[in-house]
Amino acid sequence: MGSMPPTVRATTLSAPPSRSAAPAWLVMLLVCAGQFLVVLDVSVVNVALPAMRSGLGLTELGLQWIVNAYVITFAGFMLLGGRAADLFGRKRIFVVGLTLFTLASLGGGLAQEPWQLIAARTVQGVGAAVLSPATLTILTTSFPAGAARTRAIATWTAVGAGGGAVGGLVGGVLTEFLSWRWVLLINVPVGALVLAGAVRWFTESRQRTGRRLDVPGALLVTAGLALVAYGIVQTETHGWVSAAALVPLAAGLVVVAVFIAVEARTKAPLMPLGLFRLRSVSAANTAMVLAGAAMFSMWYFLSLYMQNVLFYSPLEAGLSFVPHSLCIVLGSKAAPRLMHRLGAKTLAVTGAVISGCGMLWQGTMGADGSYLGTLLGPGILMALGAGLTATPVASIATSGADPADQGLVSGLINTSRQMGGALGLSVLSTVAASRIAGGHDPAALAGGYGLAFHVGAAVLLGSILLMLIALPRRQPDAAHG
């Protein structure tokens, strides 16, 4: 999304503290800068999408893959990246991930063909998946357990939320005054500076373990998700019973089945299937997939509506997202305190209901909409609800797991959210295109985008019902912990 911030628990990582030779503030600055870039790139391209389309001649299918190529590889390789950091060294993996991310940003910014941009975004996602887990583990091994580490993790979380929140504004400013290319090229000088600081100041740490990387698992889950998403979007032009749609859909499901079989047999699985026997883990992850499918696409369709229907400039669209961004951060910050009073399950349901009401309202938008009358109110509800939902669902997911597995479960919930978002964007884009049906006038576009929001609200309703039925009810004090 643009996006629900990453959710972590201070208790999920227990690597022994290793004080860096660098000043603590410098370690914090470098690590948070890396995390900021990763989260920023989930949302920064949204406002630049119309300019990318005109600049490279992208189709509607290509447009959504600018977003999905990053999100799918980010989600598919995130757990692998976290394990690689533990096995091969946090500093080494941080440097590898950031190098890959920075070079891919350069390639995307210089792309001359649509496939080049999509390929660059794919590699960017892999780099982000390798980099992001390393940022958190470097913090936990650079600060001693206790108040200092807690403050460090809180800062990391806030920076991640801020990266997602300001993505629309940053994208709008860069696209308006420079070019859409700079939403990617801006990563290059920043990434180079952070790389130089990491090589100079970070100290190496790793877990001494014989566990191996489950590379086949990461490749299979990413390929399966990509094939399913591709099959869904093919239904837009070929229909649900066409070979062009059914073949990739069937292939994707087969690959996912193979992934499950591999995970059941491997000694060091990427996703231990036994965890899903826990009701808290299985229910929370399923609810997060559905919530992510509905909420992630909000920023995508709003950006297209603002620029294609209301004819906002990229800067105006970016500024229009500021209240949304502030509300998602507000919801995220208020969630822990509200969990203590209401309980995690009640807050998760409440947040999803608020967001769903906003989606229903936003779905009524028309060609003659205005910012105050059409965008502000529903946008605040959608973003506030998204911020309130993520933390309690993640808290419930980790509540029933063994302490040794909580880091993995936290990674799973973030992966579920990203995967749900990628599939949701594919489905809702297909829904919007079916309503638009080749028409490019403002009324047709507004009708298509509005239908996407209404279908998104229906998906979110499914998540709400699942939460009510399947999520275990936790005591308020446990939720807070």
Verdict with reasoning, Phe101 to Asp41, per side-chain contact (heavy atoms from CB on, under 4.5 Å): CA-CA 10 Å; Phe101 182 88; Asp41 264 59; 3.7 Å; yes

Note: Thr175 and Ala51 closest approach over all heavy atoms is CG2-CB, 3.8 Å

field: N/O donor-acceptor pair under 3.5 Å between Ser303 side chain and Trp299 backbone
entry: no

Practice prompt. Please tell me if the side chains of Val67 and Val45 come closer than 4.5 Å, counting only heavy atoms from C-beta onward.
Written response: yes

> Does any non-hydrogen side-chain atom of Tyr70 lie less than 4.5 Å from one of Val38?
Replying inline: yes

Closest heavy-atom pair, Ile436 versus Ala444, reported as atoms and distance to 0.1 Å, is CG1-O, 3.5 Å

Q. Under 3.5 Å, is there a donor-acceptor pair between the side chain of Ser434 and the main chain of Val431?
A. yes

Rounding to 0.5 Å, atoms CZ (Phe301) and CG (Leu451) come to a distance of 9.5 Å

Check: How about Leu310 and Leu375: do any of their side-chain heavy atoms sit closer than 4.5 Å?
Finding: yes

With a 4.5 Å limit on heavy-atom distance, are the side chains of Val228 and Leu249 in contact?
-> yes

Notebook entry, point to check: Any sub-3.5 Å donor-acceptor pair from His454's side-chain atoms to Leu360's backbone N or O?
Noted result: yes

To the nearest 0.5 Å, atom CG of Leu246 lies from atom CG of Leu253 at 10.5 Å

message: If we count only N and O atoms by modelled type, under 3.5 Å, do the side chains of Asn187 and Ser105 hold a donor and an acceptor together?
response: yes

Closest non-hydrogen contact found for Gln362 with Thr374 is NE2-O, 3.1 Å

Test side-chain contact (heavy atoms from CB on, under 4.5 Å) on Thr389 and Ser355; report intermediate values, then the result. CA-CA 9 Å; Thr389 302; Ser355 191; 5.6 Å; no

Given 3.5 Å as the limit, does a donor-acceptor pair link the side chain of Thr350 with the main chain of Thr346, or not?
yes

**OP:** State, with a plain yes or no, whether a side-chain heavy atom of Phe259 is found less than 4.5 Å away from one of Val262.
**Re:** no

Separation between OG (Ser132) and CG (Leu98), nearest 0.5 Å, reads 12.0 Å

### Message
Is any side-chain heavy atom of Gln116 closer than 4.5 Å to one of Leu56?
### Response
no

inquiry  = Whether the side chain of Ser463 engages the backbone of Ala287 through a donor-acceptor N/O pair (distance < 3.5 Å, no angle test) should be reported.
reply    = yes

Taken to the nearest 0.5 Å, the spacing of Met382 CE from Leu302 CG works out to 5.0 Å

Item to complete: Indicate yes or no for a side-chain donor-acceptor contact from Lys345 to the backbone of Leu468 under 3.5 Å, with no hydrogens or angles considered.
Response: yes

Between Ala111 and Arg181, the two heavy atoms sitting closest are O-NH1, 2.6 Å

Correct closest heavy-atom pair for Gly34 and Leu131 would be O-CD2, 3.8 Å

So do Arg435 and Tyr449 actually touch side chain to side chain, heavy atoms under 4.5 Å?
no

SG of Cys327 to CZ of Phe321, rounded to nearest 0.5 Å, is 13.0 Å

Stepwise side-chain contact (heavy atoms from CB on, under 4.5 Å) check, Leu106 with Leu185 | CA-CA 6 Å; Leu106 177 62; Leu185 291 176; 4.0 Å; yes

Side chain of Tyr305, backbone of Leu445: donor and acceptor closer than 3.5 Å? no

message: Please evaluate residues Gln124 and Phe74 with respect to the criterion side-chain contact (heavy atoms from CB on, under 4.5 Å), reporting the C-alpha separation (whole Å), side-chain torsions for both, the decisive distance (0.1 Å), and the verdict.
response: CA-CA 8 Å; Gln124 253 195 326; Phe74 186 18; over 6 Å; no

Please check this pair: side chain of Arg121 against backbone of Ile66, looking for a donor-acceptor N/O pair closer than 3.5 Å. yes

In short, Val71 meets Ala422 closest at the heavy-atom pair CG1-CB, 4.1 Å

### Test item: Pro314 and Trp180 side chains (from C-beta on) under 4.5 Å apart, heavy atoms
no

- Are any side-chain N or O atoms of Thr102 and backbone N or O atoms of Thr99, one a donor and one an acceptor, separated by less than 3.5 Å? no

Rounding to 0.5 Å, atoms CZ (Arg53) and CG (Asn308) come to a distance of 7.5 Å

